[in-house]
Amino acid sequence: MKKQGFILAFFLAGLFLAGCSYGEGPVPGDIEPLDPKEEAVLKGAKNHAVPFKSKFTCGGEEITPEEPDGLFHQMVYGSGNATHLGKTELLIPDEGINMDVFSNCYTQNVEVILTAANGDELWLSYSSAFDLTPMLEDPPGVVYVRDAMGSIDGGTGRFENATGNIVYEGDWDISTGIGICSFNGEIQY
């Protein structure tokens with residue numbers, strides 16, 4: 001009797017399902033592709049922010065813009081280590097510094113490229129304010145950049161959809177042109 005009841009239930013379920021049509025929902029093949037963020041989640045991307053820390057030894061050189069805009073332009077490069085990247089190269093292709101008032105210099109929307117040993121890039125940006133009067137001392141002193149706020153703006157490879165917030169800090173010895181700088185905060189990728 002139990003066997004007959006099971007067969008009857010199975011038969012009725014089959015009839016019910018046979019009567020369903022695709023007109024009431026999506027037809028297989030009509031499903032839209034996932035947006036990149038949903039796809040990243042399915043591929044195992046982190047769905048929460050984790051700490052990001054880095055430290056670099058940097059140098060720089062003056063560059064001349066094609067159209068003068070009143071800013072001092074320099075390219076900054078360096079090497080160091082960063083969490084999630086390991087051994088890392090730093091490049092700031094064009095840092096424009098407003099030096100109208102030495103005690104109140106600033107940068108805006110500076111783009112930073114961090115490159116991991118495998119070639120993956122992480123892109124950052126920041127704005128800063130600092131005092132350049134130590135540059136006028138004899139001998140020239142150290143310029144300190146503190147609490148410059150910024151963001152993580154994507155990248156390549158595993159950092160394609162990276163987001164987050166960073167704080168840039170740097171100690172720049174004007175007499176040698178060498179700086180120690182860091183980008184610390186949180187990253188989600």
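The local environment of CD in Glu169 is crowded, with over 12 non-hydrogen atoms from other residues, nucleotides or ligands closer than 6.0 Å.
Of the candidates Val142, Ile178, Val145, Val142 is the only one forming a side-chain contact (heavy atoms from CB on, under 4.5 Å) with Asp171.
The distance from atom OG1 of Thr115 to atom CH2 of Trp123, rounded to the nearest 0.5 Å, is 10.5 Å. Distance check, rounded to the nearest 0.5 Å: CG of Asn184 to CD1 of Ile187 gives 12.0 Å. Ile63 CD1 to Gln74 CD: the interatomic distance, rounded to the nearest 0.5 Å, is 8.5 Å. Leu132 CG to Met99 CE: the interatomic distance, rounded to the nearest 0.5 Å, is 6.0 Å. Rounding to the nearest 0.5 Å places SG of Cys105 at 8.5 Å from CG of Asp100. Within the model, atoms CD1 of Ile97 and CD of Gln108 stand 12.5 Å from one another, a figure rounded to the nearest 0.5 Å.
Between the side chains of Tyr106 and Asn98, at least one donor N or O lies within less than 3.5 Å of an accepting N or O. Between the side chains of Ser128 and Thr107, at least one donor-acceptor pair of N or O atoms lies under 3.5 Å.
A donor-acceptor pair is defined here as one N or O able to donate and one able to accept, closer than 3.5 Å; no such pair exists between the side chain of Ser175 and the backbone of Asp173. For His84 (side chain) and Val50 (main-chain N/O), no donor-acceptor pair under 3.5 Å exists by modelled atom type.
Within the 4.5 Å cutoff, no side-chain heavy atoms of Asp153 are placed close to those of Leu124.
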All N/O donor-acceptor pairs, side-chain side in residues 52-62, below 3.5 Å, sequence neighbours left out:
residue : atom : partner : partner atom : Å
Ser54   : OG   : Phe183  : N            : 3.0
Ser54   : OG   : Phe183  : O            : 2.8

Go through the steps for Arg146 and Asp131 under the test salt bridge (Lys or Arg N to Asp or Glu O under 4.0 Å), then give the verdict. CA-CA 10 Å; Arg146 295 288 181 262; Asp131 182 352; over 6 Å; no
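By the rule that hydrophobic residues join a cluster once side-chain heavy atoms approach within less than 4.5 Å of another member, Phe72 and Val76 end up as members of one cluster.
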